[in-house]
Amino acid sequence: MSELPFGKTRTTPDELRTQIDTAAAVRRAREGGVSCPEQRIDRFIQIVPDLLEWLENHGREYPWRHSSDAWEVYIAEILLQRTRGDAVAEVYSAFLDEFPDPDSLANATEEDIRQLVEPLGFVNHRTRTLKEVGKLFSAEFDGDVPDSVEELKRPWRAGEYSARACQMFARGKPMALVDANFARVIGRVLGYEMPVQPHKSSAVYGLLETLLPTSPELARAFNLAILDLGALICTAEHPDCKSCPINRGCVYYCTRMEDE
DNA sequence: TTCCTGGCCT
DNA sequence: AGGCCTGGAA
């Protein structure tokens with residue numbers, strides 16, 4: 001097991017082509033309204049190594065990224081739902097300190113939980129979810145974290161993204177992740193027409209599945225890189241395209257330059 | 001007002 | 001699949 005927080009950040013287009021079904025990606029891209037999809041996907045594969053190198057130098061160092069413990073990662077994913085990483089980092093160690101395993105969470109009072117997640121918002125939601133997580137894992141999984149997406153999704157408000165992220169980042173199982181960041185970044189880079197709710201679109205999941213490298217270490221780096229690029233550079237408003245490590249391969253950037 | 005490593009309800 | 005919601009922060 002590698003201890004590198006970002007996974008494998010050194011790769012080449014040739015290595016990626018052995019791990020990515022290019023023809024399938026082109027098909028998916030075309031379905032999403034991408035013009036010249038063959039060239040777009042080829043261009044994308046060429047800039048991925050730059051993206052991963054950028055991650056190596058600029059990626060965010062959060063404690064949950066240094067952990068391969070399923071409980072620590074799963075808790076992080078729950079706390080991170082629609083919440084900034086920096087905010088979660090403020091309460092994360094205190095939370096794990098008090099609730100180091102499902103049993104301790106199962107035995108906690110709502111007030112104990114509420115107090116710890118207070119600064120994050122979604123307080124009622126999160127308190128209920130965490131309580132359910134503790135009780136369910138404690139009662140039905142012998143105090144362990146289950147090892148399948150379906151089982152990880154059982155607690156109320158533990159959904160597709162959180163479950164898949166846990167399997168990806170804790171268990172090293174390559175998983176396509178779709179949230180607002182992935183949709184925005186991929187949509188801009190490829191010129192893909194994103195639906196209103198990308199995270200519930202099977203077409204978007206399909207596209208990300210085909211683009212995801214098959215090796216766990218590259219898949220990890222790929223996912224973290226897009227996540228951090230979306231948070232730090234390719235932001236919803238006023239993206240910092242000039243600083244973007246992959247602007248040379250980005251439809252959004254190139255279109256923008258032509259307009260100016 | 002919008003955004004943040006979405007998910008639930010109908 | 002579409003609508004809607006939760007809260008602190010920018």
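Order of the sequence lines fixes the chain letters, A, B, ..., with proteins taken first and strands second; residue numbering starts at 1 for each chain. Only this structure's heavy atoms are used, side chains among them; waters, hydrogens and symmetry mates stay out.
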A/R126 atom CZ is separated from B/dG7 atom C1', nearest whole Å, by 12 Å
To the nearest Å, give me how far apart CG (A/L232) and P (B/dC3) are.
-> 17 Å
Expressed as a whole number of Å, how far does the P atom of B/dT2 sit from that of C/dC4?
-> 15 Å
How far does CG of A/L218 sit from OG1 of A/T11, to the nearest 0.5 angstrom?
-> 4.5 Å
So which nucleotide from B/dT5, C/dG7, B/dG6 ends up closest to the side chain of A/R60?
-> B/dT5
B/dG7 phosphate, OP1 or OP2: any side-chain N/O from A/S162 under 4.0 angstrom?
-> yes
Among the nucleotides B/dC4, B/dG7, C/dG7, whichever has the atom closest to the side chain of A/R157 is B/dG7
Does the C/dG7 base have a donor-acceptor partner in the side chain of A/H125 within less than 3.5 Å?
-> no
Rounding to a whole Å, what distance do you find between A/K200:NZ and C/dA1:P?
-> 9 Å
Would you say a side-chain N or O of A/N223 is under 4.0 Å from OP1 or OP2 of B/dT5?
-> no
Is the side chain of A/T83 donor-acceptor paired with the backbone N or O of A/Q81 at a distance under 3.5 Å, no angle test?
-> yes
Between A/E237 and A/A231, just flag the one whose closest nucleotide in DNA chain B comes earlier from the 5' side.
-> A/E237
Is there a donor-acceptor pair closer than 3.5 Å between any side-chain N or O of A/N107 and the backbone N or O of A/D103?
-> yes
Contact class for A/Q197 (heavy atom, under 4.0 Å): base, sugar-phosphate, or nothing?
-> base
In plain terms, say whether A/E132 and A/R128 are close enough for a salt bridge, that is, a side-chain N and a carboxylate O under 4.0 Å apart.
-> yes
How close or far is atom P of B/dT5 from atom OH of A/Y62, stated in whole angstroms?
-> 7 Å
Check the distance between B/dC8's P and A/R82's CZ and give it to me in whole angstrom.
-> 13 Å
For the pair made of CG in A/L79 and C1' in C/dT6, what is the distance, rounded to whole Å?
-> 15 Å
Which part of the nucleic acid does A/E90 contact within heavy-atom distance under 4.0 Å: base, sugar-phosphate only, or nothing?
-> nothing
Starting at atom CZ of A/R128, determine the distance to atom P of B/dG7, rounded to an integer number of angstrom.
-> 15 Å
Under the 3.5 angstrom rule, does the side chain of A/W54 hit a backbone N or O of A/P49 as a donor-acceptor pair?
-> no
Name the nucleic acid region contacted by A/A180, choosing base, sugar-phosphate or nothing; use a 4.0 angstrom heavy-atom cut-off, strictly under.
-> sugar-phosphate
How far does the C1' atom of B/dT5 sit from the matching atom of C/dG3, given to the nearest Å?
-> 22 Å
Electrostatic pair A/R164:A/D179 at N-O distance under 4.0 angstrom | no
Determine the contact category for A/P119: base if any of its heavy atoms lies under 4.0 Å from a base atom, sugar-phosphate if only primed atoms, P, OP1 or OP2 are that close, otherwise nothing.
-> sugar-phosphate
B/dG6 base to A/E160 side chain: any donor-acceptor pair below 3.5 Å?
-> no
To the nearest angstrom, how far is A/R84 atom CZ from B/dG6 atom C1'?
-> 15 Å
Say you pick atom P in C/dA9 and the same atom in B/dG7; how far apart are they, in whole Å?
-> 22 Å
Comparing nearest nucleotides in DNA chain B, the 5'-proximal residue of the pair A/A158, A/N181 is A/N181
Respond yes when some side-chain nitrogen or oxygen of A/R184 is under 4.0 Å from OP1 or OP2 of B/dC4, and no when none is.
-> yes
Mind checking the P distance from C/dC5 to B/dT1? Whole angstroms is fine.
-> 15 Å
